[in-house]
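This report refers to the structure that appears directly beneath it.
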Amino acid sequence: FLRAIPIRRRDTVLEVGCGTGVILRDLIPLVGPGGRVAGIDPSRAVLAAARRYCRGTGITVRHGDGAKLPFTDDGFDVTLAVTVLLHVADPVAVVREMARVTRPGGRVAVQDQDFGTLALAHPDRALSDRIGDGVVNHMYEEPYSGRRLPAVLRAAGLEQVRLRAEVYQETRLTPYTQAFLGRRAGNAVRFGIVDAADAQRWLDG
């Protein structure tokens, strides 16, 4: 994703919703010694972790809201948000702010999952839909974020919009997918969408 944006040597880059700083650290070798990397997040707890993780790198992290970025206009070559917009009630407002703080000709880049596209080969399609749709609607402000990204970017005033879509598919029930579906079933019970017996029946199917 970072290479596709692309991030170049000497770029100034802002990550909105930087979390614990994992991606911020990945940006440092891409921008090189002449570049600058900053992150912002609304959670003070994750920013404390980001400050520890990014210590000694020159990365700046700040507390703030993606819909009201505390930066001047045109201050960055690139702004990016990774797995952020699906958690946001008004994604257009966030992308507008990202565009505002990005210089003319710069790049605004967003990456998001589309949890509404989970497709399972299951004998009980109605139960599968109830659990799949029910859980993501409880967990995310916008579970269909991925498919909305081009429209969100254009609504924020961006013009040269490119979309790169990737689909993860597997034909065997690997431990990774078993764990993912187990969490989905557990959340369905926790949110009162199904009872424990139906959740187990779904997993057995």
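- Remark: the backbone N or O of Pro42 is paired with a side-chain donor or acceptor of His63 at under 3.5 angstrom.
- Of the inter-residue distances, the one linking Leu47 atom CG with Cys18 atom SG reads 5.0 Å to the nearest 0.5 angstrom.
- Not a single donor-acceptor pair under 3.5 Å links the side chain of Arg55 to the backbone N or O of Ala50.
- Rounding to the nearest 0.5 Å gives a distance of 9.5 Å between CG of Leu86 and CD of Gln111.
- Residues Ile5 and Val13 fall within the same hydrophobic cluster, defined by Ile, Leu, Val, Met, Phe, Trp and Tyr side chains chained together at heavy-atom separations under 4.5 Å.
- Between Arg147 and Gly116 the shortest heavy-atom distance is NH2-C, 3.5 Å.
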**Prompt:** Where do Leu118 and Phe180 land on the side chain to side chain contact (heavy atoms under 4.5 Å, CB included) test, with the steps shown first?
**Reply:** CA-CA 11 Å; Leu118 177 66; Phe180 173 82; 4.1 Å; yes
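- The shortest side-chain heavy-atom distance between Phe115 and Met139 does not fall under the 4.5 Å cut-off.
- Contact between Ala67 and Val94 at its shortest, heavy atoms only, is N-CG2, 4.1 Å.
- Thr177 places no side-chain N or O within 3.5 Å of a backbone atom of Thr174 that could act as its donor or acceptor partner.
- With rounding to the nearest 0.5 angstrom, the CD1 atom of Ile59 is 12.0 Å from the CZ atom of Arg36.
- Residues Asn137 and Pro143 meet the side-chain proximity criterion, which asks for heavy atoms closer than 4.5 Å.
- More than 12 heavy atoms of other residues, nucleotides or ligands lie within 6.0 Å of CD in Glu170, so this atom counts as buried by the packing criterion.
- A salt bridge links Arg148 with Glu142; the closest basic N to acidic carboxylate O contact falls under 4.0 Å.
- Remark: Arg25 qualifies as a cation-pi partner of Tyr53 under the 6.0 Å distance and 45° angle criteria applied to the six-membered ring.
- The residues Asp11 and Arg107 are annotated as salt-bridged, a charged nitrogen and a carboxylate oxygen being separated by less than 4.0 angstrom.
- A distance-only check finds a donor-acceptor pair linking the side chain of Asp41 to the backbone of Gly19 [under 3.5 Å].
- Hydrophobic clustering of Ile, Leu, Val, Met, Phe, Trp and Tyr side chains at less than 4.5 Å, counting indirect connections, unites Leu158 with Val84.
- Leu149 places none of its side-chain heavy atoms less than 4.5 Å from the side chain of Asp114.
- Donor-acceptor pairing under 3.5 Å is recorded for the side chains of Arg190 and Asn187.
- Looking at Asp124 and Trp202, their side chains never come closer than 4.5 Å, going by heavy atoms from C-beta outward.
- Between Ala38 and Leu24, the shortest heavy-atom contact is O-CD2, 3.5 Å.
- The minimum heavy-atom distance between Ala156 and Val95, with the atom names listed, is CB-CG1, 3.5 Å.
- In this structure, Val37 is a member of the same hydrophobic cluster as Val78, with clusters built from ILVMFWY side-chain heavy atoms closer than 4.5 Å.
- In terms of heavy-atom proximity, Val161 sits nearest to Pro150 at CG1-CA, 4.1 Å.
- Contact check for Pro104 versus Asp74: side-chain heavy atoms found under the 4.5 Å cut-off.
- Residues Arg103 and Phe76 fail the side-chain proximity criterion, which asks for heavy atoms closer than 4.5 Å.
- Using modelled atom types, no side-chain atom of Arg51 and backbone atom of Thr60 make a donor-acceptor pair closer than 3.5 Å.
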**Item:** Stepwise side chain to side chain contact (heavy atoms under 4.5 Å, CB included) check, Thr79 with Glu97
**Value:** CA-CA 10 Å; Thr79 56; Glu97 274 292 273; over 6 Å; no
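- Rounded to the nearest 0.5 angstrom, Leu153 CG and Gln160 CD are separated by 12.5 Å.
- Within the 4.5 Å cutoff, the side chain of Leu120 has heavy atoms near those of the Leu181 side chain.
- Rounding to the nearest 0.5 Å gives a distance of 3.5 Å between OG1 of Thr12 and CG of Asp77.
- Side-chain contact between Thr102 and Phe71 is absent, with no heavy-atom pair separated by less than 4.5 Å.
- When each of Val108, Leu69, Ile40, Asp73 is paired with Val101, the side-chain contact (heavy atoms from CB on, under 4.5 Å) condition holds for Leu69 and for no other.
- The heavy-atom pair separating Ser128 from His122 by the smallest distance is OG-CB, 3.8 Å.
- Between Arg201 and Asp198 there is a salt bridge, with a side-chain nitrogen of the basic residue lying less than 4.0 Å from a carboxylate oxygen of the acidic one.
- Ionic pairing of Arg164 and Glu166 is present here: one or more N-O contacts between side-chain nitrogen and carboxylate oxygen are shorter than 4.0 angstrom.
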**Item:** Trace of the side chain to side chain contact (heavy atoms under 4.5 Å, CB included) decision for Ile23 with Leu80
**Value:** CA-CA 10 Å; Ile23 293 170; Leu80 60 117; 4.3 Å; yes
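- In the displayed structure, Arg10 atom CZ is contacted under 6.0 Å by at most 12 heavy atoms of other residues, nucleotides or ligands.
- For the residue pair Gln113 / Ser145, no side-chain donor-acceptor distance below 3.5 Å is found, with atom types taken as modelled.
- Both Val152 and Met98 belong to a single network of hydrophobic side chains, linked directly or stepwise wherever heavy atoms of I, L, V, M, F, W or Y lie under 4.5 Å apart.
- Under the 30°/60° scheme for interplanar angles, the aromatic rings of Tyr168 and Tyr176 are found to stand perpendicular.
- Checking side-chain atoms of Thr72 against main-chain N and O of Gly75 turns up no donor-acceptor pair under 3.5 Å.
- When hydrophobic clusters are built by joining Ile, Leu, Val, Met, Phe, Trp and Tyr residues whose side-chain heavy atoms come closer than 4.5 Å, directly or via intermediates, Leu14 is not grouped with Val22.
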